[in-house]
Amino acid sequence: MIVELSHRITEGMVTYPGVPGPVLGSHLTREDSREVYAQGTEFHLGTIAMACNTGTYVDTPHHRYADGPDLSQVPVDRLADLPGVVVRAVDRPSVGMDLLDGLDVRGMAVLLHTGWDRHFGTDEYQRGHPYLTGEAAAWLAEQGPALVGIDSLNIDATPPRGERPAHTLLLAAGIPLVEHLTGLAGLPDSGFRFHAAPPMVAGLGTFPVRAYAVV
C-alpha cells in the first residue's frame, strides 16, 4: 500500500507566512503548439515561478549553512527508501524527549505526527504550531537518523527573530528535514519505507518533494 504524505501545490497557495505563492504559466500553449506540430498533435509546455519553500519540501544542510551539501549533493539514500518510524504527538504543543527517549532511530526516517496538517491552508496553520524542542533535536542529532520530518508549519518554534535549534543541530549533523507533511495518521508506527527525494538542483538548499510511504 502507498500512502500519500504531500500537500497538493496550487496556484497562489500560501505555505509559510510571507513566502509568495506559486505562479503557473505557459511557455507554449496547446493552441500555439498547433502551429508547431502536425495536424491533430498538440502539447502544453508549462512554467512555474515558485519559492523553494512551497508545499511539502525538504531542507538540506545548504538551507542553513553556506558550505553545507545542497539538493544535488545529499545522497539519495538519505531521502528515499528509508525505514520509517512515526512519533505520535497529536494535540501536544511540542515534541520533547518524553516521546523520544528509548527509541532506536539510527538510519531511520523519523516522522513527527502532530496532526497540525488539518489546518493547512488556513490562518490557524500559521500560528501556535507544534515543533521539536531543542533538547529533542540535540538528542536526535546524536542518534543519527537518516531524516526527520514533521506535519507542521516548521520543525522549530517560530517567534520573531527566534533561534532555530532543530534546523541548526540536525542540518549540521547532515540530517535532511521534511516540513509540511500530511497524512501521517494513515501510517503505522513502524514497518514502512519513506520516500521524499527532490530534483538535483545545484546551489539550492530546499525544494518541494512528493513524499510518500510504502507500507
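Cluster annotation: Met1 and Tyr212 are assigned to distinct hydrophobic clusters (Ile/Leu/Val/Met/Phe/Trp/Tyr, side-chain heavy-atom contacts under 4.5 Å, transitive). Under the 4.5 Å side-chain contact rule for hydrophobic residues, Ile175 and Leu100 share a cluster. Val209 and Leu187 end up in the same hydrophobic cluster when Ile, Leu, Val, Met, Phe, Trp and Tyr side chains are linked at under 4.5 Å. Linking Ile, Leu, Val, Met, Phe, Trp and Tyr residues whenever their side-chain heavy atoms come within less than 4.5 Å places Tyr16 and Trp116 in a single cluster. In terms of hydrophobic clustering, with Ile, Leu, Val, Met, Phe, Trp and Tyr side chains grouped at heavy-atom distances under 4.5 Å, Met108 and Val3 are assigned to different clusters.
Of the inter-residue distances, the one linking Leu28 atom CG with Glu35 atom CD reads 10.5 Å to the nearest 0.5 angstrom. Put simply, CG on Leu204 and NE2 on His63 are 11.5 Å apart, with the number rounded to the nearest 0.5 Å. One finds the NE2 atom of His27 at 10.0 Å from the CG atom of Asp32 (value rounded to the nearest 0.5 Å). Separation of atoms CZ (Arg106) and CD (Glu142) is listed at 10.0 Å; rounding is to 0.5 Å. Atoms OG and NE2, on Ser6 and His195 in that order, are 12.0 Å from each other to the nearest 0.5 Å. Atom CD1 of Ile150 sits about 10.5 Å away from atom OH of Tyr131, to the nearest 0.5 Å.
Of the possible polar contacts, one joining the Asp70 side chain to the Ser72 backbone as a donor-acceptor pair under 3.5 Å is found. Side-chain atoms of Ser94 do not come within 3.5 Å of backbone N or O of Gly96 as any donor-acceptor pair. Side chain of Ser33 to backbone of Val36: no donor-acceptor contact under 3.5 angstrom is found. Thr60 contributes a side-chain N or O that, together with a main-chain N or O of Gly205, makes up a donor-acceptor pair within less than 3.5 Å. Tyr57 contributes no side-chain N or O that, together with a main-chain N or O of Pro198, makes up a donor-acceptor pair within less than 3.5 Å. In terms of modelled atom types and a separation under 3.5 Å, the side chain of Thr168 and the main chain of Arg164 share a donor-acceptor contact.
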Practice problem: Determine, stepwise, if the pair Leu79 / Val58 fulfils side-chain contact (heavy atoms from CB on, under 4.5 Å). | Solution: CA-CA 9 Å; Leu79 300 161; Val58 64; 3.9 Å; yes

Exercise. Step by step, work out the side-chain contact (heavy atoms from CB on, under 4.5 Å) result for Asp81 and Phe194.
Key: CA-CA 5 Å; Asp81 199 24; Phe194 179 75; over 6 Å; no

Self-check item: side-chain hydrogen bond (donor to acceptor under 3.5 Å, both in side chains) evaluation trace for His44 with Ser26
Solution: CA-CA 7 Å; His44 175 251; Ser26 297; 2.8 Å; yes

Quiz item: So His7 and Thr56, side-chain hydrogen bond (donor to acceptor under 3.5 Å, both in side chains) or not? Walk me through it.
Solution: CA-CA 6 Å; His7 289 288; Thr56 303; 4.8 Å; no

Quiz item: Run the side-chain contact (heavy atoms from CB on, under 4.5 Å) check on His167 and Glu179 step by step: do they pass?
Solution: CA-CA 11 Å; His167 281 86; Glu179 294 174 309; 3.2 Å; yes

Practice problem: Applying salt bridge (Lys or Arg N to Asp or Glu O under 4.0 Å), run through Asp77 and Arg193 and close with a yes or a no. | Solution: CA-CA 12 Å; Asp77 63 6; Arg193 310 291 291 193; over 6 Å; no

Quiz item: Leu177 and Leu170: side-chain contact (heavy atoms from CB on, under 4.5 Å), yes or no, with the steps?
Solution: CA-CA 8 Å; Leu177 308 175; Leu170 293 170; 3.6 Å; yes

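Using a 4.5 Å heavy-atom cutoff, the side chains of Val95 and Thr133 are not in contact. Counting heavy atoms from C-beta outward, Val86 and Ser190 have side chains that stay 4.5 Å or more apart. Residues Thr158 and Arg127 form no side-chain contact, since every pair of their non-hydrogen atoms from C-beta on lies 4.5 Å or further apart. Side-chain contact check for Val85 versus Leu111: every heavy-atom pair is 4.5 Å or farther apart. With contacts defined as side-chain heavy-atom distances shorter than 4.5 Å, the pair Trp139/Val105 qualifies. Within the 4.5 Å cutoff, the side chain of Ile155 has heavy atoms near those of the Val148 side chain. Side-chain contact check for Val215 versus Phe192: some heavy-atom pair is nearer than 4.5 Å. With a 4.5 Å cut-off on side-chain heavy atoms, Ser152 and Pro130 count as touching.
The two residues Ala89 and Leu99 have their closest heavy-atom pair at CB-CD1, 3.6 Å. Of all the heavy atoms in Leu71 and Phe207, the pair that sits closest is CD1-CB, 3.6 Å. Across all non-hydrogen atoms, the minimal contact from Ala51 to Val19 is CB-CG1, 3.4 Å. Nearest heavy atom pair, residue His129 against residue Ala157, reads CE1-CA, 4.1 Å. Taking both residues in full, the closest heavy atoms of Ala196 and Val178 are given as CB-CG2, 4.0 Å, listed atom of the first, atom of the second, then distance. Considering every non-hydrogen atom in both Ala166 and Leu132, the closest pair reads CB-CD2, 4.2 Å.
Residue Arg34 places its CZ atom among more than 12 non-hydrogen atoms of other residues, nucleotides or ligands, all under 6.0 Å distant. Counting heavy atoms of neighbouring residues, nucleotides and ligands inside a 6.0 Å radius, atom CZ of Arg118 exceeds 12 of them. By the neighbour-count criterion of 12 heavy atoms within 6.0 Å, atom CD of Gln73 is densely surrounded, having more than that number from other residues, nucleotides or ligands. Residue Met200 qualifies as open at atom CE: its count of foreign heavy atoms under 6.0 Å is 12 or below.
Judged by distance alone, the side chains of His180 and Thr15 never bring a donor and an acceptor atom under 3.5 Å apart. A donor-acceptor contact closer than 3.5 angstrom links the side chains of His113 and Arg88. Residues Thr182 and Asp151 have side chains that never bring a donor and an acceptor to within less than 3.5 angstrom of each other.
Between Phe120 and Tyr125, the ring-plane angle classifies as perpendicular under the 30° and 60° cut-offs.
A salt bridge does not link Asp59 with Arg64: every distance from a Lys NZ or Arg NE/NH1/NH2 to an Asp or Glu carboxylate oxygen is 4.0 Å or more.
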